[in-house]
Amino acid sequence: MGSALLPTLRLKREVDAAIRDTLDKVLVLRFGRTADAACLHLDDILVKSSWDISKFASIALVDMDSEEIQVYIDYFDITLVPAAIFFFNAHHMKMDSGTPDHTKWIGSFSSKQDFIDVVEAIFRGAMKGKLIVSCPLPPERIPRFQLLFKDV
């Protein structure tokens, strides 16, 4: 249900335009599948948060089943879903959450407030010119996954 309320990007040029044209706001791109239960849980949190963060962030869903999107899936090494990637003024924003991968948030958020806190921390860091920020959440609320990196 929540997925229908947020824009869904299925073409590479749509993702490129969203990244390029979102200015002075954090862009949250959720990579996933609409039929996946974890993605639906995250989508529900994103929809409920979208109005609260609308002054400093925009949210878009990226359909991983689209053939054109595979270039982004390979570039960001997205193997687990859902994965949220953050941008500010076309710069990829990273977050140190104590996990091996700083490039994306893997999994869902525990609550709407956790998501808002993360996006707000990224926005504040971006406004100070930082490209990597510290995660404001306590370690017990950060999803942990065993990551296996390809070609390492």
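Everything numeric here is computed off the predicted structure, so don't read it as measured data.
- With contacts defined as side-chain heavy-atom distances shorter than 4.5 Å, the pair F56/V119 qualifies.
- I69 and L11 are not part of a single hydrophobic cluster, where members link through side-chain heavy atoms under 4.5 Å apart.
- Under the side-chain contact (heavy atoms from CB on, under 4.5 Å) test applied with M93, the options L27, I122, I132 reduce to a single match, I122.
- Within the 3.5 Å criterion, the main-chain N or O of D114 finds a donor-acceptor partner in the side chain of S111.
- Between V118 and I116 the shortest side-chain heavy-atom distance does not fall below 4.5 Å.
- For the atom pair CG (D65) and OG1 (T34), the distance works out to 7.5 Å, reported to the nearest 0.5 Å.
- Considering all non-hydrogen atoms of both residues, D36 and A38 come closest at OD2-N, 3.1 Å.
- Taking 4.5 Å as the limit, every side-chain heavy atom of F86 sits out of range of all side-chain heavy atoms of K94.
- Salt bridge D63/R33: absent, no basic N to carboxylate O contact under 4.0 Å.
- Of all heavy-atom pairs spanning T103 and I85, the tightest one is O-CG2, 4.1 Å.
- L42 is listed as a side-chain neighbour of F109, based on a closest heavy-atom distance under 4.5 Å.
- Using a 4.5 Å heavy-atom cutoff, the side chains of F76 and D101 are not in contact.
- Between F87 and H92, the ring planes lie tilted relative to each other; the angle falls in the 30° to 60° range.
- Closest non-hydrogen pair, S49 versus I45, comes out as OG-O, 2.7 Å.
- E68 and R13 make their closest contact through OE1-N, 4.5 Å (heavy atoms, listed as atom of the first residue, atom of the second, distance).
- Atom-to-atom distance recorded for L6:CG and L61:CG is 5.0 Å, nearest 0.5 angstrom.
- Between the OG atom in S97 and the CG atom in L137 there is a gap of 8.5 Å [rounded to 0.5 Å].
- In this structure, R30 and I59 have side chains that are not in contact, with every pair of non-hydrogen atoms separated by 4.5 Å or more.
- Side chain of E14 to main chain of L9: no donor-acceptor pair is present (N/O by atom type, distance under 3.5 Å, no hydrogens or angles).
- L29 and M64 fall within a single hydrophobic cluster, where Ile, Leu, Val, Met, Phe, Trp and Tyr are joined by side-chain heavy atoms under 4.5 Å apart, directly or via other members.
- Linking Ile, Leu, Val, Met, Phe, Trp and Tyr whenever their side-chain heavy atoms come within less than 4.5 Å puts F115 and F88 in one cluster.
- Expressed to the nearest 0.5 Å, how far CZ of F31 lies from SG of C39 amounts to 11.5 Å.
- Criterion: ILVMFWY side-chain heavy atoms under 4.5 Å apart, direct or through other members. Under it, L46 and M95 are part of a common hydrophobic cluster.
- For the residue pair Q113 and D117, a side-chain donor N or O sits within less than 3.5 Å of a side-chain acceptor on the partner.
- Neither V28 nor Y75 shares a network with the other; the hydrophobic side chains, linked directly or stepwise wherever heavy atoms of I, L, V, M, F, W or Y lie under 4.5 Å apart, form separate groups for each.
- Looking at S50, its side chain does come within 3.5 Å of a backbone N or O of V47 through a donor-acceptor pair.
- Residues R124 and E120 are paired through a salt bridge, judged by an N-O separation under 4.0 Å between the basic side chain and the carboxylate.
- The nearest pair of heavy atoms linking D24 to F123 is O-CE1, 3.8 Å.
- Under the 4.0 Å criterion applied to side-chain N and carboxylate O atoms, D52 and K112 are assigned as salt-bridge partners.
- With contacts defined as side-chain heavy-atom distances shorter than 4.5 Å, the pair T22/K25 qualifies.
- For K48, the NZ atom counts as loosely surrounded, since its 6.0 Å shell holds 12 or fewer non-hydrogen atoms of other residues, nucleotides or ligands.
- The two atoms that bring S108 and P82 nearest to each other are N-CG, 4.2 Å, heavy atoms only.
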